Structures are given as C-alpha cells and as structure tokens.
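The block underneath contains the structure these notes are about, expressed in structure tokens.
Since this is a predicted model, take the numbers as computed values, not measurements.
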Amino acid sequence: MTGLEHLWATWRAAYVSGESDAAVPDGDGSLFERILGSGRTDEEILVVHRGRLCVVMLNRFPYTSGHLMVMPKRAVAELEDLDPDEAAELWDLVRRAVVALKTAYSPDGVNIGMNLGRAAGAGVSEHLHVHVLPRWLGDTNFMTTVSGTRVLPEALDVTWRKVRDAWPR
C-alpha cells in the first residue's frame, strides 16, 4: 500500500470556511464593481485584460484552470440592458478570451456560458458575466463525481500570468 496522498489548495480556505475575501472591499456597488474599484493591482484581483467598457478576470473559485469571466465594468443584470458599445466589446472580449485560452492551454474544447438571474444559477445576479473555460476530454474525475471537489493543477497567480501572456494584442 502506498502512502496517503495530500491535495493542497490553501487559496480556497476563505471560500470553504465562509470567511470574507480580502480582495472584496465593503461598500456600494456590485461585488465586481467593488473588486474592480478596490485600487489593488490587476494581478491581485486577477484581471487579465481591461477594455474601455468591459473587463476579463479569472474566476477566484474556478471550475478548472483558466476559468475566465468577461463582464461590463458597470453592473448590468440583464443582457438586453447592455448598451450597443458594451455588447460589442463584451462579445469581442469573449472571442479574445477563447483565443487566449487556446494559446495558453491547448484545450480539447471551450465552454462559454451565462447564468442570467438567481433562478438560472447566477451567483452575482446583479452583474452579468460570461464564463469562458477550457475543457479537456476526460477532465472529470472521481473527486468531482464522488466528493464534489475540484482539484486544480496550478495556483491562480500561475494561471493569471499564463493567460495574460497569451492574451491577443
């Protein structure tokens, strides 16, 4: 029998324990508006790219390494409430996010999706965001199936640098 294996994901401790995240300041505005306006560096808050009206950032609690969120800078809950310039930039950044993920990770596929409204599964329903994540054949495993746990192979700061370096100019 081999020794017991340990999986360390200490960066998830605040999430698992229910503690507040130091990257999210108190104040007015949506969760994402407060993070983006915190005055912290893009690396600290995991922003990969800032456009004129929209932003791309890593999901702090990702489904898989490279899990990005593309969103308008202002809190907009409904897709139809985006102004035309925001909508155009949002979808252009989704396209560029796919290019960056394919460059950085060479995935077998990419998931793109939105959860609009709490009933649809939105965790931050007042600020729409598009999830863009790389996927691989067989990327589900017993940890996810049996224990509802995800094992991620790299730390968020490594993912941030990898995706930022791959971002199309």
* Quick one: does R34's side chain have a donor or acceptor within less than 3.5 Å of a partner on G29's backbone? -> yes

* Asked: Once you round to the nearest 0.5 Å, how far does CD of E154 lie from OG1 of T64?
  -> 9.0 Å

* Structure fact -> Hits for side chain to side chain donor-acceptor pair (under 3.5 Å) against K73, two or more places apart or cross-chain, chain-then-number order -> none

* Asked: According to the ring pair (Phe, Tyr, Trp, His ring centres under 6.0 Å) rule, which pairs have a member within residues 76-103, sequence neighbours left out?
  -> none

* Asked: Got a second to check how far S65's OG is from L58's CG, nearest 0.5 Å?
  -> 9.5 Å

* **Residues that N115 engages under side chain to side chain donor-acceptor pair (under 3.5 Å), provided they are two or more places apart** => none

* Asked: Among all residues two or more places apart in sequence or in another chain, which pass the ring-ring contact (aromatic ring centres under 6.0 Å, His included) test with W167?
  -> H49

* What residues, two or more places apart in sequence or in another chain, satisfy ring-ring contact (aromatic ring centres under 6.0 Å, His included) together with H127? -> F32

* To do: Mind checking side chain to side chain donor-acceptor pair (under 3.5 Å) for E86 and listing every partner two or more places apart, or none if nothing turns up?
  => R74

* **Qualifying residue, where the test is side chain to side chain contact (heavy atoms under 4.5 Å, CB included) with V132 and the options are L93, N59, V98** => V98

* Looking only at non-hydrogen atoms, find the nearest pair between I45 and S38 and report the distance. => CG2-OG, 3.9 Å

* Does any non-hydrogen side-chain atom of D42 lie less than 4.5 Å from one of R164? -> yes

* Closest non-hydrogen atom pair, A77 against S125 -> CB-O, 3.5 Å

* Neighbour count >12 (heavy atoms, 6.0 Å) for atom NZ, K102 -> no

* Asked: Shortest non-hydrogen contact from H67 to P134?
  -> N-CD, 4.3 Å

* To do: Would you check if the side chain of E89 reaches a backbone N or O of R52 as a donor-acceptor pair within less than 3.5 Å?
  => yes

* Structure fact -> Taken in chain and number order and not counting sequence neighbours, the residues that satisfy side-chain contact (heavy atoms from CB on, under 4.5 Å) with L116 are L79, M114, L128

* L31 side, atom CG; R60 side, atom CZ - distance, nearest 0.5 Å -> 10.0 Å

* Please walk me through it: do T159 and Y105 pass side-chain contact (heavy atoms from CB on, under 4.5 Å)? -> CA-CA 10 Å; T159 302; Y105 289 99; 3.2 Å; yes

* To do: Could I get the full list of salt bridge (charged side-chain N to carboxylate O under 4.0 Å, His left out) partners for D83, not counting sequence neighbours?
  => none

* **Derivation and outcome, side-chain contact (heavy atoms from CB on, under 4.5 Å), residues R96 and V56** => CA-CA 10 Å; R96 292 170 69 189; V56 180; over 6 Å; no

* Do the non-hydrogen side-chain atoms of P107 and L133 ever get within less than 4.5 Å of each other? -> no

* Asked: Do L90 and V99 share a hydrophobic cluster, counting only Ile, Leu, Val, Met, Phe, Trp and Tyr and linking them when any side-chain heavy atoms are less than 4.5 Å apart?
  -> no

* To the nearest 0.5 angstrom, please state how far the NE2 atom of H129 sits from the CE atom of M57. => 10.0 Å

* Residue pairs, two or more places apart or on separate chains, that pass salt bridge (charged side-chain N to carboxylate O under 4.0 Å, His left out) and touch residues 104-122 -> none

* Asked: I112 and L101: same hydrophobic cluster, using ILVMFWY side-chain contacts below 4.5 Å?
  -> yes

* Structure fact -> When rounded to the nearest 0.5 Å, the distance separating OG1 of T103 from CG of D165 is 11.5 Å

* **Distance-minimising heavy-atom pair for P72 and C54** => CA-SG, 3.7 Å

* About how many Å separate CD of E126 and CD of E78, when rounded to the nearest 0.5 Å? -> 11.5 Å

* To do: Please name all residues satisfying side chain to side chain donor-acceptor pair (under 3.5 Å) with D92, sequence neighbours left out, ordered by chain then number.
  => R95

* Structure fact -> Those residues at least two apart in sequence (or on a different chain) that pass side-chain contact (heavy atoms from CB on, under 4.5 Å) with S106 are none

* Does E43 have any salt bridge (charged side-chain N to carboxylate O under 4.0 Å, His left out) partners at least two apart in sequence or in another chain, and if so, which? -> R161

* **hydrophobic_cluster_shared for V130 and L53, side chain cutoff 4.5 Å** => no

